[in-house]
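Taking it in order: structure first as structure tokens, then the write-up.
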Amino acid sequence: MPTHTEILLGRIAIAGVWTFQGLWCKVLNRVPRHARVVEATPLFDRKQARWFLVTLGCFEMFLAAWVLSAQFPREAAIVQTALLILMNTGGILWARHIIPDPIGMLFQNFAFVMLIWICA
């Protein structure tokens, strides 16, 4: 059983990933590949994709704050897991050719989900 300190460090790591992905990659658009992935879906045109990406990035930053708050940790884990499944599924279905290493992405996200649930 992880100690309180280990859980806190895990939560900080999880929040760091969500903040990086949300703020740096999506809101600030410092990783243009993310925009290309969203644009590759049949759901959005280029302008809609940008707004969706910013909204998604803001939601990821909300998740970071939620994880750090330690409030309703199981519900937070469910939401995070569902979001990762949706994003990975969409990426594989519509933008596999844009993602540099789809299998690596899946393995990394599996490890991330395991950390999320351990800290929940």
Side-chain angles (χ1 to χ4, degrees):
M1 185 64 114
T3 67
H4 178 71
T5 301
E6 291 166 340
I7 296 294
L8 177 62
L9 290 173
R11 286 188 177 135
I12 291 169
I14 293 163
V17 169
W18 285 123
T19 300
F20 173 76
Q21 290 293 323
L23 181 62
W24 186 257
C25 296
K26 294 178 182 76
V27 172
L28 298 176
N29 199 27
R30 298 296 186 177
V31 182
R33 179 181 74 245
H34 288 258
R36 290 195 313 272
V37 167
V38 174
E39 291 168 6
T41 71
L43 305 173
F44 306 107
D45 63 27
R46 190 178 183 107
K47 186 176 180 182
Q48 292 170 327
R50 180 69 193 130
W51 282 107
F52 175 79
L53 206 61
V54 169
T55 302
L56 179 58
C58 290
F59 184 71
E60 289 176 337
M61 291 185 298
F62 164 77
L63 285 177
W66 189 5
V67 169
L68 288 175
S69 79
Q71 298 297 310
F72 307 103
R74 289 182 188 256
E75 290 83 354
I78 291 167
V79 170
Q80 292 172 86
T81 302
L83 180 61
L84 286 165
I85 289 170
L86 286 171
M87 290 191 300
N88 281 272
T89 301
I92 296 295
L93 286 176
W94 293 307
R96 183 180 314 128
H97 61 286
I98 298 169
I99 300 168
D101 182 11
I103 300 299
M105 175 191 73
L106 294 174
F107 276 107
Q108 289 173 12
N109 282 312
F110 175 76
F112 186 49
V113 168
M114 291 302 100
L115 178 61
I116 287 167
W117 279 99
I118 288 168
C119 293

Handout entry: Residues which pass side chain to side chain contact (heavy atoms under 4.5 Å, CB included) with V37, listed by chain and number, not counting sequence neighbours
Key = R33, A95, I98, I99
Practice task
Not counting sequence neighbours, which residues clear side chain to side chain contact (heavy atoms under 4.5 Å, CB included) with T55? List them please.
Solution key: none
Problem - Same apolar cluster (I L V M F W Y, side chains within < 4.5 Å links), V79/L115 - result: yes
Problem - Partners meeting side chain to side chain contact (heavy atoms under 4.5 Å, CB included) with M87 (sequence neighbours left out) - result: W18, L56, E60, L83, L84
Fill in the blank from the handout: Note: L43 and Q48 closest approach over all heavy atoms is O-OE1, 4.1 Å
Fill in the blank from the handout: side chain to side chain contact (heavy atoms under 4.5 Å, CB included) filter on V38, not counting sequence neighbours, yields F44, A49, F52, L53
Practice task
Drop me the distance from K26's NZ to F20's CZ, to the nearest 0.5 angstrom.
Solution key: 9.0 Å
Handout entry: Distance-minimising heavy-atom pair for P102 and I92
Key = CB-CD1, 3.6 Å
Problem - ILVMFWY network linking M61 to W24, side-chain heavy atoms under 4.5 angstrom - result: yes
Completion exercise
Nearest heavy-atom approach of R11 to V67 is CD-O, 3.3 Å
Practice task
Please report the closest heavy-atom contact between D45 and K47, naming both atoms and the distance.
Solution key: OD1-N, 3.1 Å
Exercise for the section: Return the minimal non-hydrogen interatomic distance between C25 and V31, and the atom names on each side. Expected result: SG-CG2, 3.5 Å
Practice task
Could you walk me through whether I14 and F112 pass the side-chain contact (heavy atoms from CB on, under 4.5 Å) test, one step at a time?
Solution key: CA-CA 8 Å; I14 293 163; F112 186 49; 3.9 Å; yes
Practice task
Can you tell me which residue pairs pass the side chain to side chain donor-acceptor pair (under 3.5 Å) test with a partner in residues 94-120, sequence neighbours excluded?
Solution key: T81-W117, N88-N109
Problem - Non-hydrogen atoms of I118 and P2 that approach each other most closely - result: CG2-CG, 3.9 Å
Practice task
To the nearest 0.5 Å, tell me how far L28 CG sits from L23 CG.
Solution key: 4.5 Å
Handout entry: Expected output: side-chain Q21 to main-chain V17 donor-acceptor under 3.5 Å
Key = no
Exercise for the section: Please check if V113 and F59 belong to a single hydrophobic cluster, counting links between Ile, Leu, Val, Met, Phe, Trp and Tyr side chain heavy atoms closer than 4.5 Å. Expected result: yes
Practice task
Answer yes if I103 and M114 sit in the same cluster of Ile, Leu, Val, Met, Phe, Trp and Tyr residues linked by side chain heavy atoms under 4.5 Å apart, and no otherwise.
Solution key: no
Exercise for the section: Hey, can you tell me if W66 and F62 have their rings parallel, tilted or perpendicular (30° and 60° cut-offs)? Expected result: tilted
Completion exercise
Sorted by chain and residue number, the salt bridge (Lys or Arg N to Asp or Glu O under 4.0 Å) partners of R46 (sequence neighbours excluded) come out as E39
